[in-house]
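One structure is given below, encoded as structure tokens.
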Protein chains: 2
Amino acid sequence: MSDTLTPKQRQVLEAIRRFQQEKGYPPTVRELAELFGQLSTAGMHKILMTLQEKGVLSRREGTKSRSYHIIGEEPGEGPAGRARPCPIIGEVVAGMPELALEEREGDLYLDSDWVGKEDIFLLRVRGHSMIDADIRDGDLLAVQITQSCRNGEIIIALLDDEATVKRFYKEKDRVRLQPENQTMQPIYIPIDDPGFRIIGKVKGLLRRYH
Amino acid sequence: MSDTLTPKQRQVLEAIRRFQQEKGYPPTVRELAELFGQLSTAGMHKILMTLQEKGVLSRREGTKSRSYHIIGEEPGEGPAGRARPCPIIGEVVAGMPELALEEREGDLYLDSDWVGKEDIFLLRVRGHSMIDADIRDGDLLAVQITQSCRNGEIIIALLDDEATVKRFYKEKDRVRLQPENQTMQPIYIPIDDPGFRIIGKVKGLLRRYH
DNA sequence: GACAAAAGCAAACATATGTGCTATATTTAG
DNA sequence: CTAAATATAGCACATATGTTTGCTTTTGTC
């Protein structure tokens with residue numbers, strides 16, 4: 001089908017794609033016409049009709065504004081629908097869960113298919129205390145903010161205003177925090193310890209090689 | 001600033017965010033009004049004005065259609081601009097670099113700020129041969145397709161139609177492939193070995209916890 | 001050159017969308 | 001309770017955008 005397109009029609013199609021990509025919303029007929037330096041909208045409109053007849057362009061219902069889109073690249077089914085910004089936190093600071101934005105290093109867009117749709121932030125790992133879990137210094141941990149976690153999950157917790165990464169095990173009347181580094185001993189905490197607070201659980205890990 | 005928002009105003013803001021997220025373009029005033037079951041656009045319009053005064057909402061120039069957007073979440077600066085789809089390959093198969101799409105498990109959107117803008121695919125790690133590099137069975141490796149790589153980089157290579165993950169070192173007249181697992185010996189390959197081919201180098205790692 | 005398809009311009013028109021009024025209910029703060 | 005702020009409806013109007021008509025120019029083909 002697309003092999004029957006004229007050069008001009010390809011250019012228009014490509015312009016629509018780029019506009020949606022860069023701006024984040026579809027163009028109007030006039031905006032397209034201006035992009036090609038045309039003084040009238042009629043010509044562009046005719047091209048758009050042809051592209052629809054040829055089955056490569058579509059639009060939402062009726063004659064709504066900014067409704068043209070390339071078939072197979074519907075806005076919302078693309079990156080915008082799955083990617084979500086996640087703040088990178090250099091350090092977990094007491095005073096959460098306001099997520100101390102002072103420590104914010106920036107955002108990273110993550111695929112919600114991979115990391116889920118719940119509240120997430122990225123925590124940069126410092127030190128080698130998790131080396132037995134194959135977590136390295138400098139890695140980013142995707143942390144889902146939650147207070148409920150199950151046995152064996154890796155959690156981020158505040159212990160007397162100090163943040164730690166540990167495996168979580170709930171025992172009779174206490175909580176056992178198991179370090180992954182075998183040279184370190186587990187920590188036991190009474191369930192009602194006021195200095196203990198769970199920030200969230202680790203859902204993913206990101207590492208970058210240079 | 002945002003602490004002075006009324007519940008209704010928060011809801012509207014959240015609706016704008018979700019609309020842009022799901023549809024891929026900003027809503028009209030009437031579409032917003034309908035979302036809240038209102039018969040008039042006047043109320044919604046007033047709320048939008050208030051949100052602008054409070055500095056959380058903005059719009060493109062003039063009075064264009066579908067131009068409202070949340071400040072800090074401008075469409076185009078968001079997911080669509082940085083996220084890029086990367087195919088997940090279950091196994092590196094001989095016959096690359098056509099990237100045997102049969103083995104394709106799907107796509108994952110990755111942030112180009114993190115993974116770069118070059119050709120990338122994701123390779124699922126099988127086995128524990130890279131455990132000393134803290135790479136686990138099931139991890140995803142972000143592989144940049146290239147033939148040029150420097151000493152010490154982790155590469156994906158084809159050796160007699162078999163894919164391996166190794167550290168790359170170029171020596172005088174041969175290439176040394178160093179496994180990360182200390183129980184395994186390095187492999188030496190003449191530079192002109194026809195059965196040897198570099199697929200690409202590892203730029204990142206993704207792990208998911210359950 | 002004749003011809004048809006594609007592309008362009010100008011001007012109008014129809015619909016979609018943004019904005020501005022008035023009036024009335026509902027909520028909130030004091 | 002009262003007053004202010006907020007939210008709603010209904011209507012009118014201005015601008016933005018989509019669509020159509022008629023004509024001219026360009027382009028490629030026979």
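Any value given below was found using the heavy atoms of this structure, including those in side chains, with hydrogens, waters and symmetry copies removed. Keep in mind that what you see is a predicted model, and the values were worked out from it rather than measured. Letters go in sequence order (proteins before strands), and every chain restarts at 1.
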Any Lys8(A) side-chain N or O less than 4.0 Å from OP1/OP2 of dT27(D): no
With sequence neighbours excluded, residues passing salt bridge (charged side-chain N to carboxylate O under 4.0 Å, His left out) with Glu31(A): Arg66(A), Lys64(B)
Indicate every side-chain donor-acceptor pair of residues 33-47 of chain B with a distance under 3.5 Å to a residue at least two apart or in another chain.
{"from": "Ser40(B)", "atom 1": "OG", "to": "Ala42(B)", "atom 2": "N", "distance (Å)": "3.1"}

All salt bridge (charged side-chain N to carboxylate O under 4.0 Å, His left out) counterparts of Arg176(A), not counting sequence neighbours: Glu171(A)
Distance, rounded to the nearest Å, where Tyr25(B) contributes OH and dT17(D) contributes C1': 15 Å
Sidechain-backbone polar pair: Arg84(A) side chain, Glu118(A) backbone, donor-acceptor under 3.5 Å: yes
Short side-chain to backbone donor-acceptor contact, Arg60(A) and His69(A), under 3.5 Å: no
Residues that Asp119(A) engages under side-chain contact (heavy atoms from CB on, under 4.5 Å), provided they are two or more places apart: Ile145(A)
Short side-chain N/O contact to dA7(C) OP1/OP2 from Gln9(A), under 4.0 Å: yes
OP1 or OP2 of dT6(D) under 4.0 Å from side-chain N/O of Thr50(B): no
Spacing of Leu57(A) atom CG relative to dG18(D) atom C1', expressed in whole Å: 14 Å
ring-ring contact (aromatic ring centres under 6.0 Å, His included) involving Phe19(B) - partner list, sequence neighbours excluded: Tyr25(B)
Distance in angstrom units between Leu13(A) CG and dA7(C) P, rounded: 13 Å
Whole-Å gap separating P (dG18(D)) and CD (Glu34(A)): 12 Å
Value in whole Å for how far the P atom of dT19(D) lies from CD1 of Ile47(A): 15 Å
Length of the CG-P vector between Leu39(A) and dA7(C), whole Å: 17 Å
Distance in angstrom units between Glu53(A) CD and dA5(C) P, rounded: 13 Å
Contact state string [nucleotides 18-30 of chain C, B base, S sugar-phosphate only, - no protein heavy atom under 4.0 Å]: BBBB---------
Whole-Å distance separating the CD atom of Gln38(A) from the P atom of dT25(D): 17 Å
For Thr63(B), side-chain contact (heavy atoms from CB on, under 4.5 Å) partners two or more places apart: none
Bend angle of the helix from dG1(C)-dC30(D) to dG30(C)-dC1(D), end axes from five pairs each (to 10°): 40°
Taking only distance into account, with no hydrogens and no angle test, what donor-acceptor pairs under 3.5 Å do side-chain atoms of residues 147-156 of chain B form with protein atoms, sequence neighbours excluded?
{"from": "Ser148(B)", "atom 1": "OG", "to": "Thr146(B)", "atom 2": "OG1", "distance (Å)": "3.3"}
{"from": "Asn151(B)", "atom 1": "OD1", "to": "Lys170(B)", "atom 2": "N", "distance (Å)": "2.7"}
{"from": "Glu153(B)", "atom 1": "OE1", "to": "Arg150(B)", "atom 2": "N", "distance (Å)": "2.9"}

